[in-house]
Amino acid sequence: MNKISSQPPSIIAIDGPAASGKSTIGLRLANALGYLFFDTGVMYRAITWLALERGIDIHDEARVTALAEEAQIDIAPASRSDGRSCDVFVNGREITWETRGRKVDANVSIVAAYAGVRKALSQQQRRIGQRGNIVMVGRDIGTVVLPEADLKIYLDATAEERARRRYEEIVAHGGTPEYDAILGRVIERDRIDSTRDVAPLRAAADAVVLDSDQLNADEVFERVLALVR
Ligand code: CDP
């Protein structure tokens, strides 16, 4: 593992579109710094999973928002090395892999566009992030949740490259995905995330934009480390 000298930034925000490698890079960076890693997407996924599980209509904004205000979401360090970056619990039940499923993927951006859902979840995210010594990953961390972050990175790549990575991740977990379907969901999620009224996906004015199309995970990590040092 790379050692970090001098005083690294305390609050590090990594934003970017679906499957741009934010979680992989964020987790590695947090481990190298001895920081907490917090993937905020898991909170939106947990609410989406819970709504689907309860048979709530995803388009029923009021009911989904009430759920986000009441649900108890907990994140804990990964209890297993099966590719997860953390354990995810909702109302005491472990749902880590359920939140990565196809159905959640297809519906999470609808849920994440609701102003009340964002208010409930981003308040919790901000409270945790302000403690510092944290790498926080999402869509609006540098713009809305923690605009005071010491370092902001916007990780980008083409939709095709991101879909290819997500495809390989699913294959590595024994799945038999369809590339075109994954690409379609990635494009649709990006469209909803970047055109919503509240906290749309965009790079903060003071973010460092990293295009990872031509870079593998190690090369992206080296660039990120250079920004931290
Ligand atoms: O891992 P991946 O990049 O595919 O997605 P994620 O980070 O788990 O986020 C899932 C969804 O949650 C996104 O497509 C957004 O709709 C939403 N999200 C958000 O709106 N704001 C955040 N800070 C994090 C996620």
Can Val228 be reached from Val208 by stepping across I, L, V, M, F, W or Y side chains whose heavy atoms are under 4.5 Å apart? yes
Between Cys86 and Phe37, is there a side-chain heavy-atom distance shorter than 4.5 Å? no
Please set out all donor-acceptor pairs under 3.5 angstrom arising from side-chain atoms of residues 41-48, sequence neighbours excluded.
from  : atom 1 : to     : atom 2 : distance (Å)
Tyr44 : OH     : Arg118 : NH2    : 3.3
Arg45 : NH1    : Thr99  : O      : 3.0
Arg45 : NH1    : Asp105 : OD1    : 3.0
Arg45 : NH2    : Asp105 : OD1    : 3.2
Thr48 : OG1    : Tyr44  : O      : 2.7

Looking only at heavy atoms, what is the nearest atom pair of Ala115 and Val198, with distance? CB-CG2, 3.8 Å
Measuring only between side-chain heavy atoms, which start at C-beta, is Val88 closer than 4.5 Å to Trp97? no
Nearest non-hydrogen partners of Asp218 and Arg28, listed with the distance: OD1-NH1, 2.9 Å
Dump the intermediate steps for side-chain contact (heavy atoms from CB on, under 4.5 Å) on Glu148 and Gln130, then the final yes or no. CA-CA 9 Å; Glu148 73 271 43; Gln130 278 177 321; 3.8 Å; yes
Please, which pairs that meet salt bridge (charged side-chain N to carboxylate O under 4.0 Å, His left out) have at least one residue in residues 167-182, sequence neighbours excluded? Arg164-Glu168, Arg166-Glu169
Are any non-hydrogen side-chain atoms of Glu69 and Leu67 less than 4.5 angstrom apart? no
Identify the heavy atoms of Phe38 and Ile134 that sit nearest to each other, and give their distance. CB-CD1, 4.1 Å
Taking atom CZ of Arg223 as the centre, does the number of heavy atoms from other residues, nucleotides or ligands within less than 6.0 Å exceed 12? no
Does anything in residues 47-66 pair up under salt bridge (charged side-chain N to carboxylate O under 4.0 Å, His left out), and if so which pairs, sequence neighbours excluded? Glu53-Arg93
Polar side-chain atom of His173 near backbone of Asp82 as donor-acceptor pair, under 3.5 Å: yes
For Ser109, which residues count as a side chain to side chain donor-acceptor pair (under 3.5 Å) partner, sequence neighbours excluded? Asp193
Starting from the C-alpha separation in whole Å, work towards a yes-or-no answer on side-chain contact (heavy atoms from CB on, under 4.5 Å) for Asp140 and Leu201. CA-CA 6 Å; Asp140 59 342; Leu201 168 68; over 6 Å; no
Tyr35 and Val135: which non-hydrogen atoms are nearest, and at how many Å? CD2-CG2, 4.2 Å
Where the side chain of Ser10 meets the backbone of Asn133, is there a donor-acceptor pair that is under 3.5 Å apart? yes
Would a distance-only check, ignoring hydrogens and angles, find a side-chain to backbone donor-acceptor pair under 3.5 Å from Asp150 to Ile11? yes
Does any non-hydrogen side-chain atom of Phe89 lie less than 4.5 Å from one of Ile95? no
Give, for atom CD1 of Ile128 and atom CD1 of Ile75, the distance between the pair rounded to the nearest 0.5 Å. 7.5 Å
Separation between CZ of Arg80 and CG of Asp87, rounded to the nearest 0.5 Å: 7.5 Å
For the residue pair Val209 and Leu155, establish whether any side-chain heavy-atom pair is separated by less than 4.5 Å. no
Carefully, step by step, assess Val104 and Glu98 under the rule side-chain contact (heavy atoms from CB on, under 4.5 Å). CA-CA 8 Å; Val104 170; Glu98 282 86 337; over 6 Å; no
Salt bridge check, Arg185 against Glu188: does any charged N sit closer than 4.0 Å to a carboxylate O? no
Value for CZ (Arg84) from CG (Asp39), rounded to nearest 0.5 Å, stands at 13.5 Å
Pair Asp190 + Arg162, salt bridge at N-O below 4.0 Å: yes
Summary of side chain to side chain donor-acceptor pair (under 3.5 Å) pairs that have at least one residue in residues 205-217, sequence neighbours excluded: Lys152-Asp206, Thr158-Asp213, Arg165-Ser212
Would you say Val117 ends up clustered with Ile141 if hydrophobic residues are merged whenever their side chains have heavy atoms under 4.5 Å apart, either directly or through other cluster members? yes
Any salt bridge (charged side-chain N to carboxylate O under 4.0 Å, His left out) involving residues 14-23? Give me the pairs, sequence neighbours left out, ordered by first then second residue. none
Side chain to side chain, Val90 and Trp49, heavy atoms closer than 4.5 Å: yes
Do Ile14 and Met136 come within less than 4.5 Å of each other through their side chains, counting heavy atoms only? no
Locate the shortest heavy-atom distance separating Ile182 from Ala163; write the atom from each residue and the value. CG2-O, 3.8 Å
Hey, mind stepping through Ile25 and Leu210 against side-chain contact (heavy atoms from CB on, under 4.5 Å) and telling me if it holds? CA-CA 12 Å; Ile25 295 301; Leu210 257 181; over 6 Å; no
State, yes or no, whether a side-chain contact exists between Thr40 and Val137 at a heavy-atom distance under 4.5 Å. no
Decide whether Leu36 and Leu33 are clustered together by the hydrophobic rule: side chain heavy atoms of Ile, Leu, Val, Met, Phe, Trp, Tyr closer than 4.5 Å, transitively. no
Nearest heavy-atom pair of Gly16 and Ser20: which atoms, and what distance? C-OG, 3.9 Å
Quick one: do Val144 and Tyr154 end up in the same hydrophobic cluster if we chain Ile, Leu, Val, Met, Phe, Trp and Tyr together by side-chain heavy atoms under 4.5 Å apart? no
Could you see if Leu27 belongs to whatever hydrophobic cluster contains Phe221? Use Ile, Leu, Val, Met, Phe, Trp, Tyr and a side-chain cutoff under 4.5 Å. yes
CD-CG distance between Glu160 and Leu183, expressed to the nearest 0.5 angstrom: 5.5 Å
